[in-house]
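What follows is one structure encoded as structure tokens, with my remarks underneath.
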Amino acid sequence: MTLAARHAVPAMYWTRDFTEAGGLMSYGADVTDQLRQAGIYTGRILKGEKPGELPVTRPTKFEFVINLQTAQVIGLEIPPTLLAQADEVIE
């Protein structure tokens, strides 16, 4: 992330943590939702279900985060249509 910022290269990350730390954008599975799903699986296993018989699931909730401060630092203007699609905009 530091290298991308130093050379003013727009970079996109897979989790919001990078965007909150100064990355430009992130798009990926919602970590809170993934942890909730893990808790559900844990509960099912503790109730006696066999882990090998549980279905494999994929993330169903994704989040798109944009950091406008970083965009301004690297001289990038984010189109309003893209800002409207973001789940969160860090200003």
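Residue numbers start at 1 and run along the sequence shown. This is a predicted model, so every value here is computed, not measured.
In this structure Gln72 satisfies the side-chain hydrogen bond (donor to acceptor under 3.5 Å, both in side chains) test with no other residue, sequence neighbours excluded. Qualifying salt bridge (charged side-chain N to carboxylate O under 4.0 Å, His left out) partners for Asp33, counting only residues two or more places apart in sequence or in other chains: Arg36.
Atom OG1 of Thr70 and atom CD of Glu20 lie 11.5 Å apart (nearest 0.5 Å). Note: Leu68 CG to Ile90 CD1 = 9.0 Å, rounded to the nearest 0.5 Å. The line from OG1 of Thr32 to CD of Glu63 is 7.0 Å long, rounded to the nearest 0.5 Å. Distance CD1/Ile78 to CD/Gln85: 12.0 Å, rounded to 0.5 Å. Here the straight-line distance linking atom CD1 of Ile66 with atom CD of Glu91 works out to 11.0 Å at 0.5 Å rounding.
Contact record, Asn67 with Gly23: CB-O, 3.1 Å, taken as the closest heavy-atom pair. A pairwise comparison of heavy atoms in Ala11 and Leu24 identifies O-CB, 3.4 Å as the closest pair.
Considering only heavy atoms from C-beta on, Asp87 stays 4.5 Å or farther from Arg16 through its side chain. When side chains are defined from C-beta on, Thr15 does not count as touching Tyr13, because their heavy atoms never get closer than 4.5 Å.
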Exercise for review: Determine, step by step, whether Ile45 and Leu54 satisfy the side-chain contact (heavy atoms from CB on, under 4.5 Å) criterion, reporting the C-alpha distance in whole Å, the side-chain angles of both residues, the deciding distance to 0.1 Å, and the verdict.
Suggested key: CA-CA 9 Å; Ile45 292 168; Leu54 292 174; 3.8 Å; yes

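Side chain of Ser26 to main chain of Thr19: no donor-acceptor pair is present (N/O by atom type, distance under 3.5 Å, no hydrogens or angles).
Under the 4.5 Å side-chain heavy-atom criterion for Ile, Leu, Val, Met, Phe, Trp and Tyr, Ile74 and Leu82 are members of the same hydrophobic cluster. Using a 4.5 Å cut-off between side-chain heavy atoms of Ile, Leu, Val, Met, Phe, Trp and Tyr, with links allowed through other members, Phe62 and Val89 fall into the same hydrophobic cluster. Hydrophobic clustering (side-chain heavy atoms under 4.5 Å, transitive across Ile, Leu, Val, Met, Phe, Trp, Tyr) groups Tyr27 together with Leu83.
The list of salt bridge (charged side-chain N to carboxylate O under 4.0 Å, His left out) pairs with a residue in residues 65-79, not counting sequence neighbours, is empty.
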